[in-house]
There are 2 protein chains.
Amino acid sequence: MKETAVLERFIEGKGLRHSKPREQILSVFLSIEQHITIDELWAAVRKKHPGIGYATVYRTLKLFAECGLCSEINFEDGTTRYEHSYGHSHHDHLICTSCGKFFEVVDSEIEKLQERLVKRYGFQLQYHRMNLYGTCRNCRVGIDRRAARTGVPVHSGKGRAAS
Amino acid sequence: MKETAVLERFIEGKGLRHSKPREQILSVFLSIEQHITIDELWAAVRKKHPGIGYATVYRTLKLFAECGLCSEINFEDGTTRYEHSYGHSHHDHLICTSCGKFFEVVDSEIEKLQERLVKRYGFQLQYHRMNLYGTCRNCRVGIDRRAARTGVPVHSGKGRAAS
DNA sequence: TTGATAATGAAAGTCATTTTCATTAATTGG
DNA sequence: CCAATTAATGAAAATGACTTTCATTATCAA
Ligand SMILES: [Mn+2]
Ligand SMILES: [Mn+2]
Ligand SMILES: [Zn+2]
Ligand SMILES: [Zn+2]
(Lines give C-alpha, C1' and ligand atoms only; values in the text may rest on other atoms or scores of the structure.)
(Ligands and ions follow the chains in the order given, each with its own letter.)
Protein backbone atom coordinates (compact mmCIF):
# COMPACT_ATOMS: atom_id res chain seq x y z
CA MET A 1 0.00 0.00 0.00
CA LYS A 2 1.16 3.52 -0.71
CA GLU A 3 1.95 5.87 2.12
CA THR A 4 -0.81 8.28 1.18
CA ALA A 5 -3.22 5.37 1.33
CA VAL A 6 -1.96 4.42 4.77
CA LEU A 7 -2.67 7.91 5.96
CA GLU A 8 -6.10 8.03 4.33
CA ARG A 9 -7.18 4.75 5.82
CA PHE A 10 -6.00 5.78 9.23
CA ILE A 11 -7.87 9.06 9.00
CA GLU A 12 -11.04 7.40 7.87
CA GLY A 13 -10.76 4.66 10.46
CA LYS A 14 -10.61 7.27 13.19
CA GLY A 15 -13.34 9.49 11.83
CA LEU A 16 -10.88 12.31 11.22
CA ARG A 17 -10.89 14.58 8.19
CA HIS A 18 -8.69 14.76 5.15
CA SER A 19 -6.81 17.98 4.81
CA LYS A 20 -4.40 19.61 2.43
CA PRO A 21 -1.74 20.44 5.00
CA ARG A 22 -1.48 16.81 6.00
CA GLU A 23 -1.07 15.68 2.42
CA GLN A 24 1.49 18.37 1.75
CA ILE A 25 3.48 17.60 4.85
CA LEU A 26 3.47 13.91 4.05
CA SER A 27 4.67 14.58 0.54
CA VAL A 28 7.57 16.71 1.72
CA PHE A 29 8.41 14.34 4.55
CA LEU A 30 8.61 11.40 2.16
CA SER A 31 10.85 13.35 -0.18
CA ILE A 32 13.51 13.74 2.49
CA GLU A 33 15.49 10.64 3.38
CA GLN A 34 16.93 11.79 6.65
CA HIS A 35 16.57 11.81 10.38
CA ILE A 36 14.84 15.12 10.40
CA THR A 37 13.81 17.45 13.21
CA ILE A 38 10.47 19.21 13.31
CA ASP A 39 12.14 22.52 12.56
CA GLU A 40 13.94 21.13 9.57
CA LEU A 41 10.79 19.58 8.20
CA TRP A 42 8.86 22.75 8.85
CA ALA A 43 11.45 24.73 6.90
CA ALA A 44 11.23 22.31 4.00
CA VAL A 45 7.45 22.33 4.04
CA ARG A 46 7.26 26.12 4.04
CA LYS A 47 9.30 26.38 0.89
CA LYS A 48 6.53 24.69 -1.04
CA HIS A 49 3.58 25.60 1.14
CA PRO A 50 4.29 28.90 2.91
CA GLY A 51 1.17 29.10 5.02
CA ILE A 52 1.73 26.01 7.13
CA GLY A 53 2.45 26.53 10.79
CA TYR A 54 4.87 24.81 13.08
CA ALA A 55 2.11 23.38 15.23
CA THR A 56 0.58 21.68 12.25
CA VAL A 57 3.84 20.02 11.33
CA TYR A 58 4.23 19.00 14.93
CA ARG A 59 0.75 17.52 15.16
CA THR A 60 0.99 15.88 11.78
CA LEU A 61 4.23 14.15 12.64
CA LYS A 62 2.58 12.72 15.73
CA LEU A 63 -0.23 11.51 13.53
CA PHE A 64 2.22 9.90 11.12
CA ALA A 65 3.85 8.15 14.02
CA GLU A 66 0.48 6.83 15.11
CA CYS A 67 -0.25 5.31 11.75
CA GLY A 68 3.21 3.86 11.34
CA LEU A 69 4.50 6.26 8.71
CA CYS A 70 7.28 7.61 10.86
CA SER A 71 8.99 6.95 14.12
CA GLU A 72 10.81 9.12 16.57
CA ILE A 73 14.49 8.78 17.25
CA ASN A 74 16.58 10.30 19.95
CA PHE A 75 20.32 10.77 19.66
CA GLU A 76 20.55 12.42 23.07
CA ASP A 77 21.27 15.80 21.55
CA GLY A 78 18.20 17.48 22.93
CA THR A 79 15.89 17.32 19.93
CA THR A 80 13.72 14.54 18.63
CA ARG A 81 14.17 13.40 15.07
CA TYR A 82 11.79 11.56 12.81
CA GLU A 83 12.50 8.94 10.19
CA HIS A 84 10.39 7.10 7.65
CA SER A 85 9.15 3.88 9.08
CA TYR A 86 6.65 2.63 6.55
CA GLY A 87 8.36 0.01 4.44
CA HIS A 88 11.54 0.52 6.42
CA SER A 89 12.44 -2.35 8.64
CA HIS A 90 13.90 -2.06 12.09
CA HIS A 91 17.46 -0.85 12.37
CA ASP A 92 19.81 0.60 14.93
CA HIS A 93 22.19 3.52 14.65
CA LEU A 94 25.91 4.00 14.58
CA ILE A 95 26.81 7.64 15.18
CA CYS A 96 30.13 9.47 14.91
CA THR A 97 30.53 11.68 17.96
CA SER A 98 32.92 13.87 16.07
CA CYS A 99 31.27 14.70 12.75
CA GLY A 100 27.75 13.40 13.28
CA LYS A 101 27.87 10.98 10.38
CA PHE A 102 25.76 7.91 11.04
CA PHE A 103 24.88 4.52 9.66
CA GLU A 104 21.76 2.49 9.94
CA VAL A 105 22.71 -0.98 10.97
CA VAL A 106 21.21 -4.32 11.84
CA ASP A 107 22.94 -7.34 13.26
CA SER A 108 20.61 -10.28 13.29
CA GLU A 109 22.72 -12.09 15.83
CA ILE A 110 22.46 -9.21 18.23
CA GLU A 111 18.72 -9.09 17.68
CA LYS A 112 18.49 -12.77 18.55
CA LEU A 113 20.58 -12.36 21.65
CA GLN A 114 18.40 -9.49 22.77
CA GLU A 115 15.41 -11.81 22.66
CA ARG A 116 17.30 -14.38 24.66
CA LEU A 117 18.39 -11.77 27.15
CA VAL A 118 14.93 -10.44 27.91
CA LYS A 119 13.48 -13.93 28.21
CA ARG A 120 15.87 -14.60 31.06
CA TYR A 121 14.08 -11.85 32.92
CA GLY A 122 10.60 -12.98 32.02
CA PHE A 123 10.09 -10.02 29.73
CA GLN A 124 8.36 -9.98 26.41
CA LEU A 125 10.26 -7.64 24.13
CA GLN A 126 8.24 -4.91 22.42
CA TYR A 127 11.00 -2.85 20.88
CA HIS A 128 14.47 -1.69 21.59
CA ARG A 129 16.81 1.16 20.91
CA MET A 130 20.50 0.60 20.36
CA ASN A 131 22.78 3.49 19.56
CA LEU A 132 26.48 2.94 19.12
CA TYR A 133 28.61 6.06 19.49
CA GLY A 134 32.17 6.25 18.27
CA THR A 135 34.52 7.87 15.81
CA CYS A 136 34.43 7.22 12.11
CA ARG A 137 37.58 6.49 10.16
CA ASN A 138 37.71 9.96 8.65
CA CYS A 139 37.48 11.71 11.97
CA ARG A 140 40.15 9.50 13.46
CA VAL A 141 42.54 10.58 10.75
CA GLY A 142 41.90 14.17 11.74
CA ILE A 143 42.25 13.39 15.40
CA ASP A 144 45.52 11.56 14.86
CA ARG A 145 46.88 14.45 12.87
CA ARG A 146 45.98 16.86 15.63
CA ALA A 147 47.51 14.56 18.20
CA ALA A 148 50.74 14.40 16.20
CA ARG A 149 50.86 18.20 16.15
CA THR A 150 50.07 18.75 19.79
CA GLY A 151 51.69 15.67 21.24
CA VAL A 152 48.49 14.89 23.11
CA PRO A 153 46.95 11.55 22.22
CA VAL A 154 43.20 11.97 21.99
CA HIS A 155 41.81 8.47 22.05
CA SER A 156 42.92 5.86 24.41
CA GLY A 157 43.46 2.61 22.58
CA LYS A 158 40.96 -0.18 22.45
CA GLY A 159 37.94 1.95 23.26
CA ARG A 160 35.46 -0.48 24.74
CA ALA A 161 32.12 1.00 25.43
CA ALA A 162 31.73 2.37 28.90
CA SER A 163 28.97 3.92 30.92
CA MET B 1 38.98 4.46 46.71
CA LYS B 2 35.91 5.84 48.42
CA GLU B 3 33.51 8.05 46.51
CA THR B 4 34.15 11.03 48.74
CA ALA B 5 37.83 10.64 48.00
CA VAL B 6 37.14 10.54 44.28
CA LEU B 7 35.32 13.82 44.59
CA GLU B 8 37.99 15.41 46.73
CA ARG B 9 40.77 14.43 44.39
CA PHE B 10 38.87 15.71 41.42
CA ILE B 11 38.20 19.01 43.15
CA GLU B 12 41.80 19.42 44.17
CA GLY B 13 43.06 18.39 40.77
CA LYS B 14 41.02 21.11 39.17
CA GLY B 15 41.79 23.79 41.69
CA LEU B 16 38.17 23.93 42.83
CA ARG B 17 37.04 24.30 46.41
CA HIS B 18 35.54 21.89 48.87
CA SER B 19 32.07 22.76 50.00
CA LYS B 20 29.44 21.44 52.32
CA PRO B 21 26.62 21.33 49.77
CA ARG B 22 28.66 19.10 47.50
CA GLU B 23 29.43 16.69 50.31
CA GLN B 24 25.82 16.64 51.41
CA ILE B 25 24.51 16.08 47.93
CA LEU B 26 26.99 13.28 47.35
CA SER B 27 25.98 11.61 50.58
CA VAL B 28 22.31 11.69 49.73
CA PHE B 29 22.92 10.66 46.13
CA LEU B 30 24.92 7.63 47.23
CA SER B 31 22.20 6.63 49.67
CA ILE B 32 19.69 6.25 46.88
CA GLU B 33 20.10 3.26 44.61
CA GLN B 34 17.95 4.38 41.75
CA HIS B 35 17.84 6.06 38.42
CA ILE B 36 16.99 9.40 39.88
CA THR B 37 15.96 12.69 38.34
CA ILE B 38 17.34 16.03 39.46
CA ASP B 39 14.02 16.92 41.03
CA GLU B 40 13.87 13.69 42.96
CA LEU B 41 17.38 14.10 44.24
CA TRP B 42 16.72 17.71 45.13
CA ALA B 43 13.67 16.67 47.13
CA ALA B 44 15.69 14.04 48.97
CA VAL B 45 18.53 16.46 49.64
CA ARG B 46 16.25 19.14 51.02
CA LYS B 47 14.82 16.81 53.62
CA LYS B 48 18.20 16.68 55.29
CA HIS B 49 19.62 19.98 54.18
CA PRO B 50 16.79 22.45 53.57
CA GLY B 51 18.83 25.36 52.31
CA ILE B 52 20.19 23.72 49.19
CA GLY B 53 18.94 25.03 45.87
CA TYR B 54 17.97 23.24 42.71
CA ALA B 55 20.78 24.86 40.76
CA THR B 56 23.34 23.50 43.15
CA VAL B 57 22.03 19.98 42.81
CA TYR B 58 22.04 20.44 39.06
CA ARG B 59 25.60 21.73 38.98
CA THR B 60 26.82 19.15 41.42
CA LEU B 61 25.39 16.29 39.43
CA LYS B 62 27.24 17.56 36.38
CA LEU B 63 30.37 17.65 38.48
CA PHE B 64 29.80 14.09 39.66
CA ALA B 65 29.40 13.02 36.07
CA GLU B 66 32.70 14.66 35.22
CA CYS B 67 34.57 12.80 37.90
CA GLY B 68 32.94 9.48 37.13
CA LEU B 69 30.67 9.29 40.14
CA CYS B 70 27.48 9.29 38.15
CA SER B 71 26.29 9.02 34.61
CA GLU B 72 23.26 10.26 32.79
CA ILE B 73 20.61 7.96 31.39
CA ASN B 74 17.75 8.67 29.12
CA PHE B 75 14.65 6.50 28.95
CA GLU B 76 13.02 8.73 26.35
CA ASP B 77 10.46 10.03 28.81
CA GLY B 78 11.60 13.61 28.63
CA THR B 79 13.77 13.84 31.73
CA THR B 80 17.34 12.85 32.32
CA ARG B 81 18.12 10.46 35.11
CA TYR B 82 21.34 9.84 36.96
CA GLU B 83 22.78 6.63 38.28
CA HIS B 84 25.82 5.74 40.34
CA SER B 85 28.70 4.91 38.09
CA TYR B 86 31.64 4.66 40.42
CA GLY B 87 32.28 1.00 41.07
CA HIS B 88 29.39 0.13 38.80
CA SER B 89 30.42 -1.38 35.53
CA HIS B 90 28.72 -0.80 32.22
CA HIS B 91 25.24 -2.19 31.83
CA ASP B 92 22.19 -1.78 29.67
CA HIS B 93 18.54 -1.49 30.66
CA LEU B 94 15.47 -3.59 30.37
CA ILE B 95 12.36 -1.52 31.06
CA CYS B 96 8.74 -2.57 31.50
CA THR B 97 6.57 -0.22 29.45
CA SER B 98 3.63 -1.01 31.67
CA CYS B 99 4.82 -0.64 35.26
CA GLY B 100 8.21 0.98 34.80
CA LYS B 101 10.09 -1.81 36.54
CA PHE B 102 13.56 -2.23 35.10
CA PHE B 103 16.59 -4.44 35.23
CA GLU B 104 20.20 -3.65 34.67
CA VAL B 105 21.61 -6.21 32.30
CA VAL B 106 24.76 -7.12 30.47
CA ASP B 107 25.23 -9.70 27.78
CA SER B 108 28.89 -10.13 27.00
CA GLU B 109 28.11 -11.77 23.68
CA ILE B 110 26.11 -8.78 22.60
CA GLU B 111 28.90 -6.49 23.70
CA LYS B 112 31.34 -8.45 21.55
CA LEU B 113 29.04 -8.39 18.56
CA GLN B 114 28.65 -4.64 18.93
CA GLU B 115 32.41 -4.30 18.58
CA ARG B 116 32.36 -6.48 15.53
CA LEU B 117 29.49 -4.52 14.05
CA VAL B 118 31.10 -1.11 14.36
CA LYS B 119 34.41 -2.36 12.97
CA ARG B 120 32.63 -3.29 9.77
CA TYR B 121 31.91 0.37 9.35
CA GLY B 122 35.39 1.55 10.26
CA PHE B 123 34.19 2.99 13.54
CA GLN B 124 35.94 2.89 16.84
CA LEU B 125 33.35 2.37 19.55
CA GLN B 126 33.36 4.84 22.41
CA TYR B 127 30.18 3.85 24.19
CA HIS B 128 26.71 2.64 23.48
CA ARG B 129 23.22 2.77 24.81
CA MET B 130 20.91 -0.20 24.58
CA ASN B 131 17.44 -0.04 26.06
CA LEU B 132 15.08 -2.97 25.72
CA TYR B 133 11.42 -2.14 26.25
CA GLY B 134 8.82 -4.77 26.92
CA THR B 135 6.35 -6.13 29.42
CA CYS B 136 7.37 -7.88 32.58
CA ARG B 137 5.78 -11.14 33.67
CA ASN B 138 3.65 -9.48 36.31
CA CYS B 139 2.21 -6.95 33.96
CA ARG B 140 1.44 -9.58 31.37
CA VAL B 141 -0.65 -11.42 33.93
CA GLY B 142 -2.64 -8.25 34.48
CA ILE B 143 -2.95 -7.66 30.80
CA ASP B 144 -4.13 -11.19 30.13
CA ARG B 145 -6.70 -10.91 32.87
CA ARG B 146 -8.03 -7.71 31.38
CA ALA B 147 -8.09 -9.31 27.94
CA ALA B 148 -10.08 -12.25 29.29
CA ARG B 149 -12.62 -9.86 30.75
CA THR B 150 -12.96 -7.64 27.71
CA GLY B 151 -12.40 -10.22 25.01
CA VAL B 152 -9.81 -7.96 23.43
CA PRO B 153 -6.36 -9.51 23.21
CA VAL B 154 -3.79 -6.88 24.09
CA HIS B 155 -0.52 -8.25 22.88
CA SER B 156 -0.05 -9.78 19.53
CA GLY B 157 1.92 -12.96 19.83
CA LYS B 158 5.63 -13.26 19.24
CA GLY B 159 6.36 -9.60 19.80
CA ARG B 160 9.63 -9.04 17.92
CA ALA B 161 11.08 -5.64 18.38
CA ALA B 162 10.04 -3.17 15.77
CA SER B 163 10.63 0.48 14.93
C1' DT C 1 42.87 38.03 59.28
C1' DT C 2 42.13 39.33 54.70
C1' DG C 3 41.76 39.70 49.66
C1' DA C 4 40.70 37.04 45.68
C1' DT C 5 37.53 34.24 43.81
C1' DA C 6 34.90 29.86 43.72
C1' DA C 7 30.29 28.27 45.20
C1' DT C 8 25.60 29.01 46.07
C1' DG C 9 20.48 30.24 45.91
C1' DA C 10 17.00 32.74 43.71
C1' DA C 11 15.49 34.30 39.77
C1' DA C 12 15.59 34.93 34.97
C1' DG C 13 16.49 32.95 30.44
C1' DT C 14 16.47 29.03 26.88
C1' DC C 15 14.52 26.02 23.91
C1' DA C 16 11.94 22.25 22.35
C1' DT C 17 7.84 20.98 22.69
C1' DT C 18 2.68 21.10 23.92
C1' DT C 19 -1.64 23.39 24.53
C1' DT C 20 -5.01 27.07 23.90
C1' DC C 21 -8.17 29.56 21.21
C1' DA C 22 -10.19 32.19 17.57
C1' DT C 23 -10.68 31.23 12.73
C1' DT C 24 -10.88 28.28 8.67
C1' DA C 25 -12.22 24.35 6.21
C1' DA C 26 -14.13 19.38 5.69
C1' DT C 27 -18.19 16.78 6.03
C1' DT C 28 -22.82 15.64 5.96
C1' DG C 29 -27.76 15.76 5.91
C1' DG C 30 -31.15 18.53 3.55
C1' DC D 1 -25.64 23.47 -3.72
C1' DC D 2 -26.33 25.05 1.37
C1' DA D 3 -25.99 25.48 6.03
C1' DA D 4 -24.83 23.38 10.50
C1' DT D 5 -21.43 20.78 12.89
C1' DT D 6 -17.05 20.18 14.34
C1' DA D 7 -12.29 18.76 13.05
C1' DA D 8 -8.05 21.14 11.54
C1' DT D 9 -5.12 24.96 11.50
C1' DG D 10 -1.96 29.00 12.67
C1' DA D 11 -0.45 32.20 15.97
C1' DA D 12 0.48 32.83 20.31
C1' DA D 13 0.78 31.51 25.01
C1' DA D 14 2.08 27.94 28.26
C1' DT D 15 5.09 24.10 29.85
C1' DG D 16 8.87 21.94 31.72
C1' DA D 17 13.44 20.65 31.99
C1' DC D 18 17.24 22.40 31.97
C1' DT D 19 20.98 26.54 31.94
C1' DT D 20 22.76 30.80 32.99
C1' DT D 21 23.02 35.14 35.48
C1' DC D 22 24.01 37.82 39.41
C1' DA D 23 24.29 39.45 44.04
C1' DT D 24 25.81 37.27 48.19
C1' DT D 25 28.28 33.85 50.89
C1' DA D 26 31.91 30.70 51.82
C1' DT D 27 36.75 28.93 50.87
C1' DC D 28 41.35 29.22 51.11
C1' DA D 29 46.00 30.76 50.18
C1' DA D 30 48.93 34.25 51.85
MN1 LIG E 1 17.38 5.43 10.92
MN1 LIG F 1 21.35 1.50 35.51
ZN1 LIG G 1 33.09 11.28 11.97
ZN1 LIG H 1 5.76 -4.39 34.43
Side-chain angles (χ1 to χ4, degrees), chain A residues 4 7-29 35-67 70-82, chain B residues 4 7-29 35-67 70-82:
Chain A
T4 50
L7 178 58
E8 276 169 28
R9 283 203 190 175
F10 184 83
I11 284 175
E12 282 158 19
K14 285 226 164 186
L16 307 178
R17 295 175 184 176
H18 298 282
S19 84
K20 258 185 224 125
R22 297 215 264 236
E23 284 171 30
Q24 296 167 330
I25 292 168
L26 178 57
S27 156
V28 173
F29 175 64
H35 298 93
I36 199 172
T37 65
I38 295 182
D39 273 293
E40 289 164 353
L41 180 55
W42 185 35
V45 167
R46 293 171 91 182
K47 278 186 197 163
K48 288 202 164 193
H49 314 288
I52 294 182
Y54 176 96
T56 301
V57 175
Y58 164 78
R59 287 183 290 233
T60 302
L61 239 16
K62 295 280 179 199
L63 186 74
F64 290 174
E66 257 196 283
C67 56
C70 76
S71 57
E72 302 190 347
I73 41 183
N74 177 329
F75 290 163
E76 341 225 318
D77 66 345
T79 77
T80 303
R81 287 156 196 287
Y82 295 83
Chain B
T4 50
L7 179 58
E8 278 169 28
R9 283 204 191 176
F10 183 82
I11 284 174
E12 284 158 19
K14 285 226 164 187
L16 307 178
R17 294 175 184 178
H18 298 283
S19 84
K20 257 185 225 125
R22 296 215 262 236
E23 283 172 31
Q24 296 167 330
I25 292 168
L26 178 57
S27 157
V28 173
F29 176 62
H35 298 92
I36 200 173
T37 66
I38 295 182
D39 273 292
E40 289 164 352
L41 180 56
W42 185 35
V45 167
R46 294 172 89 182
K47 278 185 196 162
K48 289 204 164 189
H49 314 286
I52 293 183
Y54 175 95
T56 301
V57 175
Y58 163 77
R59 286 183 290 233
T60 302
L61 238 17
K62 295 281 179 197
L63 186 72
F64 290 174
E66 257 196 283
C67 57
C70 77
S71 58
E72 304 188 347
I73 42 183
N74 176 329
F75 290 163
E76 342 226 318
D77 66 345
T79 78
T80 303
R81 285 154 197 287
Y82 295 83

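Chain letters run A, B, ... following the sequence lines, proteins first, then strands; residues in each count from 1.
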Of the nucleotides D:dA17, D:dT20, C:dA16, which has the atom closest to the A:T79 side chain? C:dA16
Interatomic distance where CD1 belongs to A:I38 and P belongs to C:dA16 [whole Å]: 10 Å
On DNA chain D, more 5' by nearest nucleotide between B:G78 and B:L16 is B:G78
Using a heavy-atom cut-off of under 4.0 Å over every strand shown, decide if A:G15 touches base, sugar-phosphate, or nothing. nothing
If you only use heavy atoms from C-beta on, which nucleotide in C:dA10, D:dT27, D:dT9 is closest to the side chain of A:P21? D:dT9
Would you check if A:Y54 and A:R46 make a side-chain contact, meaning some heavy-atom pair closer than 4.5 Å? no
Using whole Å, report how far CG of B:D77 lies from P of D:dT15. 20 Å
Looking at side-chain heavy atoms only, is the closest gap between B:Y82 and B:E40 below 4.5 Å? no
Report yes if a side-chain nitrogen or oxygen of A:K62 is closer than 4.0 Å to either non-bridging phosphate oxygen (OP1 or OP2) of C:dT18; otherwise report no. yes
B:T80 side-chain N/O to D:dC18 phosphate OP1/OP2 under 4.0 Å: yes
In whole angstrom, what separates A:R46's CZ from D:dA11's P? 8 Å
Between D:dA26 and B:R17, is there an OP1 or OP2 to side-chain N/O distance shorter than 4.0 Å? no
Round to a whole Å and report the spacing from CD1 of B:I11 to P of C:dA6. 14 Å
With a 4.0 Å limit, can you tell me whether A:S19 has a side-chain N or O closer than that to the phosphate oxygens OP1/OP2 of D:dT9? yes
Presence of A:R22 side-chain N/O under 4.0 Å of D:dA7 phosphate oxygens OP1/OP2: no
Whether the side chain of A:W42 engages the backbone of A:I52 through a donor-acceptor N/O pair (distance < 3.5 Å, no angle test) should be reported. yes
Quick check for you: among D:dC28, C:dA11, D:dA17, whose closest atom lies nearest to any side-chain atom of B:H18? D:dC28
Nearest-0.5 Å distance that lies between atom CG in B:L61 and atom OG1 in B:T56: 11.5 Å
Under the salt bridge (Lys or Arg N to Asp or Glu O under 4.0 Å) rule, what do B:E8 and B:R22 come out as? Steps first, then yes or no, please. CA-CA 10 Å; B:E8 278 169 28; B:R22 296 215 262 236; over 6 Å; no
Whole-Å distance, B:W42 CH2 to D:dA17 C1', equals 13 Å
Considering only heavy side-chain atoms of A:T56, the closest of C:dT8, D:dG10, D:dT6 is D:dG10
Are the side chains of B:V45 and B:F29 in contact, using a 4.5 Å heavy-atom criterion? no
C:dT8 phosphate, OP1 or OP2: any side-chain N/O from B:R59 under 4.0 angstrom? no
Please check the phosphate of D:dA17 (OP1 and OP2 only) for any side-chain N or O of B:T37 closer than 4.0 Å. no
Can you tell me how far P of D:dC18 sits from CG of B:L41, to the nearest Å? 12 Å
Starting from P on C:dG9, measure out to CD1 on B:I52 and report it in whole angstrom. 6 Å
Indicate whether OP1 or OP2 belonging to C:dT17 is found under 4.0 Å from a side-chain N or O atom of A:Y54. no
From CD of A:E72 across to P of C:dT17 the rounded distance in Å is 9 Å
